[in-house]
Structures are given as C-alpha cells and as structure tokens.
Number of protein chains: 2
Amino acid sequence: MEAKETLKAHIGKLAVLTDEQFDYFFSHFKKQRFQKGQTIITRGDAVDCEYFVVSGCLKSFFVNDDLKMFILQFAMPNWWASDYNALYNQTKAAINVDCITDAEVLCLTSADREKLCKEVHNVEHFFRWRTNKGFVAAQKRLLSFMNNDAKYRYEELLKLYPELYNMVPKHLIAAYLGVSRETLSRLYHS
Amino acid sequence: MEAKETLKAHIGKLAVLTDEQFDYFFSHFKKQRFQKGQTIITRGDAVDCEYFVVSGCLKSFFVNDDLKMFILQFAMPNWWASDYNALYNQTKAAINVDCITDAEVLCLTSADREKLCKEVHNVEHFFRWRTNKGFVAAQKRLLSFMNNDAKYRYEELLKLYPELYNMVPKHLIAAYLGVSRETLSRLYHS
DNA sequence: TTTTAAATGTGATATAGGTCACGTAAACCG
DNA sequence: CGGTTTACGTGACCTATATCACATTTAAAA
C-alpha cells in the first residue's frame, strides 16, 4: 500500500518504530483525496487535524484585509500541513490550506496525535524532531527575509525545490516570497 | 534555590514531572553567569549546549557580509536560546549569542537532552511542546514580516514585550524588526 | 571629573518594490 | 469550438525604507 509505505519511510528517518508500533500508529490516519482547488482548512473553522502529504501539493496561506495572499508553506509529498497555531491552541483557523494539484493526504487528529505520543514514546520522539526541523527551517526563512532581496530569495527557493517551478503558478511563488507578482515577473525578465 | 524553581515552574507549564524526575532532570544543567557584553556562542565554533535564561537578557543574531546585524531572538527569563540549526545538525555556529545584560543561565548539552528525552518520557513531551510553541511563534513572525510594515511590527513587539523598551537599545530593536536604526528612529519621531 | 565611546536624531538622496492600468497568452469549460 | 477565466508581461508612477553624512545626547571608562 503506497501511502502507508510513504509514511513509514518518512517516520523512519527520525524515529525507530517496530512494525507493530507503526501499524498501530498508521491505523489512526484517515486517507483522503482532494482535487486541485479544493479547500482543506478554511479560515474561521475549527481545526482538529494535521495532514501528511502522500502525493500532490498543498499550500497554507493567509489572506489579509486587503485580500493580499501570503503563502506560509508549499506542502509537497512527505511534508505535513495544518494551521498549527489553531491546532495547538484550539482556536479557529486563521489561515487556509488548499490544493494546488490533486492530492492524497493522510489525516491525523490532534487528539490521536497526543494519544499516540503518550502511548508510544518513539512517536513522541518523531514529532519532537519533526517540529525541531520545522522550527529551524522557519528561522532560516526569517533570516533570509531580513537579509536577502526578492531575487536572491527566488533563486534560493528554486534551488531548494526546483519542482516548484513547473508545478505552481508564478503568482503563488510571489506570494511565498512576499513580493508582488509584477515584481517577481520583472526579476527574470529584465 | 532560585534557578531551580524558575526552571521547575517553566517545565510545569508544559509537562508533568515528579519531584524525583525533575531533580534528575535538573542535575544535568550547569549554572553559568555571564556579564553584559559577553559572548556565549560564537559563529564558527561548535555548538553543544542550549541555554535556559534564569535572569537577564540574551540575543541571538546573525551578521551578514556587510556587517549588518539581524536579531533572531531576544531571550528573556524563561526562554531558551542557542543556534538550533547548528545544535540539531551538528554543524558550526552560523549565528552568535551574547548578553544584552548580565545574565544567569542554565546550560544543557545536546547529548544530555537526548539522553533525558529517552530516559524520561515526559521530558521528551516537554521538549516537543516547547518547540511546537517556538515553531508557531516563528511562523507568526514570518507572516508579520510579509504582511505588516515596520511601524506595525514595532508596536506589535512592544505590546508583546514592553520590558524591551527600557532594557535594550533601539538599534537592537531595529535589528530585530529588520529595519535600519534610522528608520526606526523616524517611526516614533515623526 | 574628564575623556571616550555608544546610542540616537535628522536632513538629503537613492532604490527596491508596490500599485494601477492595460494588453496578451494560455488554460479550462460548457 | 468559442467564450471565459486565470496567468503573465510591462509601462508609469508612488512609497517605504535604505544609505550616507553629520550633529547631539547619553553612558561608560579612566
């Protein structure tokens, strides 16, 4: 089974679970398929799941009062996505998550995550390290924001995730970089 | 003992440890005192500790090729500081940590953290949630960077940490906000 | 106290990037 | 297939913020 193997390999990079432990862990996930354009988390709604991406590409994004969109994350296969602020603090979603392409995800509720972390020490180990890495990545992006201009950040992003270039429209890349689509267009046409 | 109680209260907000577990946990920390201006982590050096701030204020910061400084974090009492990228990936420090004021910290090695996480499940729980909160905070700051101008971010920072206003010089606040000290000065003098 | 260094304020000017407006091209859909 | 939406390019102009230069005020050190 494709999704199960994908998750297993992913977990295996950060933690060691026995086959029985992994099967138990996996039994708490619900497989879901979404189509391009479908919304997974809507601002204002309650959030009780996080999503492991098996295939496709999601985006998590914030829309401000002027309807400008800012992309927090492109979630590719083997990434996790949710509104973590809402999920951890049990508040309503402040950001949205939707599908840039058709996608297959594995959904885990917050309650099940906590239950699994309590029951299986190595699951907690996994989630600790997953977030450790996310935290470091967020700090790096923050630093790049302060230090580098749009062109540099664009090239940095494409170097790190070349597949984005063909997978997502440029105006979404602009929304990730925090510049207008016009500015992004000018970066490589002049 | 002051430092011990401070750490105990801090841990207690996120995890439940018995007194014996906490004493064992605490026995791995080394108390250190630093003076204003002293460096704790130097770029280029190996990093094997993280620091819990008992009193005083640290900053973690990056200096780019043009000698411009960017502050990643002001570490106040009850916060943790290190170069987490270097610490987690066992690379040389890319950022510096030093003391804005005299400071008392509790130092924990990475090896001890991992040992403790393995030995005491609730310690791993604590560190998972500590990083969860750090991750959410980093994402919020990222969003604020993209969405808000310098003035808004300045007011946001002071609302969240009013004590910074008197504790740290303005050019450091500017380095945290990612603007020049001149721009920050103009924000509130015109 | 005197001396020196660090922090802050402010004008003049430069620039990256934003906004608005409009045109074209490509993708999607009935 | 034609029509409609979505993506993209580009000119003209605007704005927030950077940079440089220098004065002033405050804090640290001797």
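These numbers come from the heavy atoms of this one structure, side chains and all, not from hydrogens, waters or symmetry mates. By convention in this document, chain letters (A, B, ...) are assigned in the order of the sequence lines, proteins followed by strands, and residues within each chain are numbered from 1.
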Roughly how many Å is it from [atom1] in [X] to [atom2] in [N], rounded to a whole number?
X: B:R186; N: C:dT13; atom1: CZ; atom2: P; value: 13 Å
X: A:L177; N: C:dG17; atom1: CG; atom2: P; value: 10 Å
X: A:K170; N: C:dA25; atom1: NZ; atom2: C1'; value: 14 Å
X: A:E182; N: C:dG23; atom1: CD; atom2: P; value: 16 Å
X: A:L184; N: C:dA16; atom1: CG; atom2: P; value: 16 Å
X: A:H171; N: C:dA26; atom1: NE2; atom2: P; value: 17 Å

Restricting to pairs with a member in residues 7-22 of chain B, which pass salt bridge (charged side-chain N to carboxylate O under 4.0 Å, His left out), not counting sequence neighbours?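 Non-adjacent pairs meeting salt bridge (charged side-chain N to carboxylate O under 4.0 Å, His left out): B:K8-B:D19.
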Tell me, which of residues 149-158 of chain A have any heavy atom that sits under 4.0 Å from an atom in DNA chain C? A:D149, A:A150
If you take the centroid of each ring, where Trp contributes its six-membered ring, are B:F135 and A:Y88 closer together than 6.0 Å?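 When the ring centroids of A:Y88 and B:F135 are compared, they turn out to be at least 6.0 Å apart.
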Can you confirm whether or not the ring centre of A:Y176 sits under 6.0 Å from the ring centre of A:F74?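 Close enough - the centres of the two rings lie under 6.0 Å apart.
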Between [Y] and [X], is there a salt bridge with N-O shorter than 4.0 Å?
X: A:E114; Y: B:R128; result: yes
X: A:K140; Y: A:E156; result: no
X: A:D83; Y: A:K92; result: no

Using the six-membered ring wherever Trp is involved, compare the ring planes of A:F29 and A:F25 and label them parallel, tilted or perpendicular (cut-offs 30° and 60°). perpendicular
Determine the interplanar angle of the A:F52 and A:H10 rings, folded into 0 to 90°, and report it as parallel if under 30°, tilted if 30 to 60°, perpendicular if over 60°. tilted
Under a criterion of less than 4.0 angstrom to any heavy atom of chain A, what are the 5'-terminal and 3'-terminal contacting nucleotides of DNA chain D?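 Using the under 4.0 Å cut-off, the span is D:dA7 to D:dA12.
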Under a 3.5 Å threshold, yes or no: a donor from one side chain and an acceptor from the other, between B:R186 and B:T183?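 Judged by distance alone, the side chains do not pair up.
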Considering every strand and a 4.0 Å limit on heavy-atom distances, what is the contact class for B:G178: base, sugar-phosphate, or nothing?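 Here B:G178 touches the backbone only, sparing every base.
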From C-beta outward on A:R181, which listed nucleotide comes closest to its side chain: C:dT19, C:dA7, C:dC22?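 It is C:dC22.
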Pick the closest DNA chain D nucleotide for A:L172 and for B:N148 by heavy atoms, then say which residue is nearer the 5' end.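 Comparing both residues, the 5'-ward one is A:L172.
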Assign each of A:K68 and A:K36 to its nearest nucleotide of DNA chain C by heavy atoms, then name whichever residue's nucleotide is nearer the 5' end. A:K68
Below 4.0 Å: OP1/OP2 of C:dG17 and any side-chain N or O of A:T183: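 For C:dG17, neither OP1 nor OP2 has a side-chain N or O of A:T183 closer than 4.0 Å.
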